[in-house]
There are 2 protein chains.
Amino acid sequence: MDKIPQNVRRYLPILDWGSKYDHDTFVSDLVAAVIVTIMLIPQSLAYALLAGLPAEMGLYASILPLIAYAIFGTSRALAVGPVAVVSLMTAAAIGDLNLTEPAQIALAAGTLAFISGVFLLVMGVFKLGFLANFLSHPVIAGFITASGILIATSQLKHILGIEAGGHSLIHIVESLLAHLGDTNVITLVIGVAATAFLFWVRKGLKPLLLAQGLKPRMADILAKAGPVAAVAVTALVSWVFALDTRGVAIVGEVPMGLPPLTAPSLSLDLWGQLFGAAVLISIIGFVESVSVAQTLAAKKRQRIDPDQELIGLGASNVGAALTGGYPVTGGFARSVVNFDAGAETPAAGAFTAVGILLAAMFLTPLLYFLPKATLAATIIVAVLSLVDFSILKKTWNYSRADFAAVAATILLTLIFGVEVGVSVGVGISIFLHLYKTSRPHVAEVGLVPGTEHFRNIKRHRVLTHPQMVTFRVDESLYFANARFLEDYVYERVTEDCGIKHVVLMCAAVNEIDTSALESLEEINARLKGMGIKLHLSEVKGPVMDRLRKSHLIDHLTGQVFLSQYAAMRALGDVSGEAGSLDAHPHDAEPHDADPQDADPHNKAAE
Amino acid sequence: MDKIPQNVRRYLPILDWGSKYDHDTFVSDLVAAVIVTIMLIPQSLAYALLAGLPAEMGLYASILPLIAYAIFGTSRALAVGPVAVVSLMTAAAIGDLNLTEPAQIALAAGTLAFISGVFLLVMGVFKLGFLANFLSHPVIAGFITASGILIATSQLKHILGIEAGGHSLIHIVESLLAHLGDTNVITLVIGVAATAFLFWVRKGLKPLLLAQGLKPRMADILAKAGPVAAVAVTALVSWVFALDTRGVAIVGEVPMGLPPLTAPSLSLDLWGQLFGAAVLISIIGFVESVSVAQTLAAKKRQRIDPDQELIGLGASNVGAALTGGYPVTGGFARSVVNFDAGAETPAAGAFTAVGILLAAMFLTPLLYFLPKATLAATIIVAVLSLVDFSILKKTWNYSRADFAAVAATILLTLIFGVEVGVSVGVGISIFLHLYKTSRPHVAEVGLVPGTEHFRNIKRHRVLTHPQMVTFRVDESLYFANARFLEDYVYERVTEDCGIKHVVLMCAAVNEIDTSALESLEEINARLKGMGIKLHLSEVKGPVMDRLRKSHLIDHLTGQVFLSQYAAMRALGDVSGEAGSLDAHPHDAEPHDADPQDADPHNKAAE
């Protein structure tokens, strides 16, 4: 194995874990695969329905993609396949195309998976996994919550047995209300019963089984089989009573056999229409997948490689596109089940694929009479666990800027749909971050008596010197705040004509970009015109390395001091003892400070 | 005056300086106004030509806008009116509309000024001046340089006496080459002679006059009158030799009289088409104007208020829209001249307006025979002084990220025109900033023997403790780098099983947003699973105030230490003397450090 070059090994994690594969690992993986397969059969059918696609596409999306991930993925426990949010986004993307022909819809879904797969592969090859970081946690949380509501609402039509559509909450509800009169009572009974049963399985069954003396592991597996039981029972009832003749929508004929080989469309028009959606699906899917993969890996002190995860998920999606599937990613609940069931390597995913393949080849006739309402119930129960408004409270308490981002994401997702919601959420996050750093906290500092420490004159009783003013800038200096600093310095020096020295204390300045460098040169030149010297203190190593490449240091009217204390000793004419300063002790009370220090820009305590 | 409420005074700076206006100030302002008027007459005609508008619109844009700025503006020396870059952007915006009817073109230009004015007013009322900060200095410099090249090239058609068009360098050059055969030799002679004369006036006249014994002030004024002389002489030559009959393009009839009252179009369609361009024109114009206003104000220890500047420029543009003008802003060269000529208050601008008004009322017949080539020559000479590629060298030496932004801005402006260029430039600046902060410098630090200071183990010979690892994060923690920190910490601890304590040294962390908070909670929980405690040290006051509102501090497995030294004493079991540590001194040589510390993500010395 050691002869395989490193760059090949990087792209094929299977070479690492595959070489150590043994019998024990095989048994663990197989057990996990059986449990995940039981869970995945109804889920894959249901999510295909959610995506507005024929049920079998859900099965097809759960075969080759899982094998591809097993070869290229780095997570030991990630279970790849159709997931709720990506299915919803697929429905929205394809809905935008206004297609009516089923074959066209299937082709568009496959093409979406293909574009998404290629995009992920390209990101992986160029190691662009960091781009996913621009989705802030609150935006993701808000997006998932809003998506859960959208998904659950969109499934009500199946529970009611009516036709309805729409990709935003208002449209869905409008459409539901418009068709409410068509409600099929038998469908409604099945739907409500299945939903109630599944909620009970989720919340009440496991404690009951444990109370009956079952082992926790067995109780867990039985509870996971709830959806399969619901599928079996309702399909049976539907067949026995021929419910399809009474207006109950059933899954109908699901083709039996191997997944078909399919080719994505190469129409530039279609690619153009789907590209934006494919990018969003890729990034959202990647973030969801990496989050769960990292959480599970950490529990065993394992590592995943985000850039290789892009390759793994990209290969999965290309696999989905080539075998009649639609966009896939790593699912949260399913991966946790896989992990808890003992999956040791990605081989568990490959075994799951074999299970789904067998289901596609032999079990599909049994699904003929399955009411769509049952699948809708499994979706509703699954996604309502995603809905969590606590992020609103959390961000409200912690950071109003983040609250604004999450509230906007939730509202816009509900009102305008997933694509607008998440795009605007990202935009708001970035804007608010830039806004905050564009008005950095700047403190005027003085010497704490008897120490070498300098503190904010508004918060502490400190010593200052009448001819010297020191600003501590608590932010890297870059284009968005360069002008702010200029304004801040000019405002302070124009109001106090006694100032002869301005010191910028740079302990918290991690970067000075060209804009800020020019601002500093400008400040230096303007202060020179006023007869004031500009000094710097406590400049960090990497920042200083860079400043040496510029002309600022040559032109600086003042000096660069290693420490602020050294600056005060040199400029404030202190001979060792701070007490000899012509000092102005400020009180700790803010109102004792000069009024202009209470500048609204200065968001010290925000 | 004191009875006027503060909020009215804020919006009417004229109340401040107007109340102290006296005879001396009047004389100073009047002298400055005369000089600026002489400079502005040919400039305003030329820039209207550049904008693709009739010459008189340049004059009209130099009357009411100047009076509006005098009332609402805060700069004492800013000279408002048509400027080169905004004229070019106007030409591009109106060119996009594919209008042919002169009246429609004039209406579109007025409407553009109106939208731009309203946009600036709204920004001013909501104090959104900080938005201009998102234009980084290198992007502005690159944009101005590229615009200068575009403008100079676009004027060559007038020098050659041919018809040509285009808003990008390639199109302009293509169009010029295609029509090169139509070159009018007489026009070319006039154009080249005027250009040469104006370059000589700019570079050689003043020293010559000084050598002749003229006073510097007088030499300056004569040099500024160069363009007027060129205009007068070429118009005279053109009239005497009836050059218009020989194919020389002349300005032709310029209506004589007061500016017309005009109303902007209220067509939603037109607003939609112009809005993007109006926003860019507003922001670019505002940035140019504020930069020069701040520079001049600083020279006299005066202040300008950027948000009130938005009001002043907004009022100017609305004024332009209502009196037959087109978008205006504060011009660089003209304001410097105004300042040098002794302007003391914005009244100088109002007097200039009177001068231009007189010109519009009485001098326009004299402009009939003025060759367009002369105006093109004044533009070329003016804008070539804006072209400055030194920003490329400067950013190349100082910051490759800024170099990329400026190079992209220059290239895209030249290739695709001003709107694409500046938009992409802003996008790249923001992206690169986020990219840099998304991979912050994280240093593993140790104790410098005999001190309480902690330094990078890769740069210094320091003491560390085998069960304890300390990371100093040199960046605020926010969504873009939250995951990076997680990865960094996990990578370090999974490879070294002896670690029992992880300390995050937060001296340079100016903010922790909700995403980063969740990452810290996640790190805390995962490390707990590995039996490792997470500690924080040197957390800043405002950051700690916020953390106390979260659950992190309650759940933290370790402690929050006031200083890193306190953390090491407590965790490293040091009894006062660092020497008693079970220490691993690292060499200052980076190759002595563990190889994984040389992580490519860790851009310490970039």
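Every chain is numbered from 1, with letters handed out A, B, ... down the list of sequences.
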Compare all side-chain heavy atoms of B:Lys394 with those of A:Glu518 and state whether any distance is below 4.5 angstrom.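 Of all side-chain heavy-atom pairs linking A:Glu518 with B:Lys394, at least one is under 4.5 Å.
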Heavy-atom closest pair, residues [X] and [Y]:
X        : Y        : value
B:Val442 : B:Phe484 : CG2-CE2, 3.8 Å
B:Asn510 : A:Ser476 : ND2-N, 4.4 Å
A:Glu491 : A:Thr494 : O-OG1, 3.3 Å
B:Ser438 : B:Ala480 : CB-O, 3.2 Å

Which region of [X], side chain (C-beta onward) or backbone (N, CA, C, O), has a non-hydrogen atom less than 4.5 Å from a non-hydrogen atom of chain A, or is it both or neither?
X        : result
B:Ile532 : side chain
B:Leu547 : both
B:Ile512 : both

Highest number of heavy-atom pairs under 4.5 Å with chain A among B:Ser519, B:Pro306, B:Ser429, B:Gly541 belongs to B:Ser429
Under a 4.5 Å heavy-atom cut-off, does chain B meet the side chain of [X], its backbone, both or neither?
X        : result
A:Tyr478 : side chain
A:Val493 : backbone
A:Ile430 : both
A:Leu432 : neither
A:Lys127 : backbone

Return the option, out of A:Ser399, A:Ala516, A:Gly529, with the maximum number of heavy-atom pairs under 4.5 Å with chain B.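 Of A:Ser399, A:Ala516, A:Gly529, A:Ser399 has the most heavy-atom pairs under 4.5 Å with chain B.
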Max heavy-atom pair count under 4.5 Å with chain B, selected residue of A:Leu517, A:Val509, A:Asn397, A:Asn481: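 Max contact count across the listed options: A:Leu517.
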Should the heavy atoms of other residues, nucleotides or ligands under 6.0 Å from CD1 of B:Ile553 be counted, would the total exceed 12? yes
Inspect the surroundings of NZ in A:Lys540 and state if more than 12 heavy atoms from other residues, nucleotides or ligands are less than 6.0 Å away.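 Buried by this count: over 12 neighbours within 6.0 Å.
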Between B:Phe403 and B:Trp396, how do the two ring planes meet: parallel, tilted or perpendicular, split at 30° and 60°?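 Perpendicular.
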